[in-house]
Amino acid sequence: MTKKFGRLALHMWTIDTTPLATALDAARSAGFDAVELRRTDFKRCFDAGMSNQQALDVIHNSGIPVGMLMSAPGPIAGPISDAIGHLRQAGAIAGEYGLRLAIEFNSQHPVLNTLAVLRELLDGAKQKNCGYLIDTYHFARSGAGGRGFESVPAEQILCFQYSDVSPQPVTGVARPTDRLPPGKGMVQWRDVLGLLSEKGYTGYLSYEAPNPAQWARSPYDVAREGVQLTRMLLRDSVPSYAV
């Protein structure tokens, strides 16, 4: 597939309660160009009695590619100096397979919660195949919404995840699941998508909007709505955008 701005991926957390085969079919049917899978998706296959090869066959047979390799901060907190050493190791492992690794900050994490801290981590690790993951939810909640990632070098933006943010987001939760479909909250989409296009980003835009209200709906409806709303915002934000 030609790398162009506006290619869409569906993050499986958006339709979390859906079995993997059905989730993959929903993504493909809705018009997503790729999917973003989690370790959880594989674990659930294993828990259901599937082998690793059988899980891979489900993915391959779906006819939709897997879009990216990323890592977010987990439940453990510690000094950035430790994180730098761990990222060097992770980057080296990814490099053995010719892969790039995108790192995300979580606005609700006790340490890795801002763009400045993420920059310190990446600069310290000095791994050429590691770069930034821009997430609209966490950027907005950290106070760096809109064009807040303008200082990030274009070539170091490896991944982009998106959802909208409620004017009154949940607090005290390490992994918030109050994320909204694009255009339903307070994210400054014209600024975000406009800047992303200006920077020449051609990676996937991964729709990650975990929310119990979404999980209670048909995954096909959730996926279809995500594509429709995203394309509408892309057309509004980037006049040159074309499906």
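Residues Y162 and Y137 place their aromatic rings such that the two centres sit no closer than 6.0 Å.
Considering only heavy atoms from C-beta on, V117 stays 4.5 Å or farther from F105 through its side chain. Using a 4.5 Å heavy-atom threshold, the side chains of V111 and P73 count as separate. Using a 4.5 Å heavy-atom threshold, the side chains of L20 and L37 count as touching. Side-chain contact between R44 and R38 is present, with at least one heavy-atom pair separated by less than 4.5 Å. By the 4.5 Å heavy-atom criterion applied to side chains, T177 and D16 are not counted as neighbours.
Figure legend: cation-pi geometry between R235 and Y241 absent, as NZ or CZ is not positioned both under 6.0 Å from the six-membered ring centre and within 45° of its axis.
With respect to the salt-bridge test (charged N to carboxylate O, under 4.0 angstrom), the residues R147 and E198 qualify. A salt bridge does not link K4 with D33: none of the charged nitrogens is closer than 4.0 Å to a carboxylate oxygen. Between R28 and D25 there is a salt bridge, since at least one side-chain N of the basic residue sits less than 4.0 Å from a carboxylate O of the acidic one.
With sequence neighbours excluded, no residue forms a ring-ring contact (aromatic ring centres under 6.0 Å, His included) with F32.
Side-chain heavy-atom separations under 4.5 angstrom define the hydrophobic clusters, and L180 shares its cluster with no other residue. Side-chain contacts under 4.5 Å among hydrophobic residues (ILVMFWY), followed directly or transitively, place Y220 with no other residue at all.
Heavy-atom minimum distance, D178 versus N211: C-ND2, 3.6 Å. Nearest approach of D236 to R190, heavy atoms of both residues: OD2-NE, 2.7 Å.
Counting heavy-atom neighbours within 6.0 Å of Q53 CD, excluding the residue itself, gives a total above 12.
In terms of modelled atom types and a separation under 3.5 Å, the side chain of N113 and the main chain of S142 share no donor-acceptor contact. When atom types are taken as modelled, the side chain of R175 and the backbone of P75 share no donor-acceptor pair closer than 3.5 angstrom.
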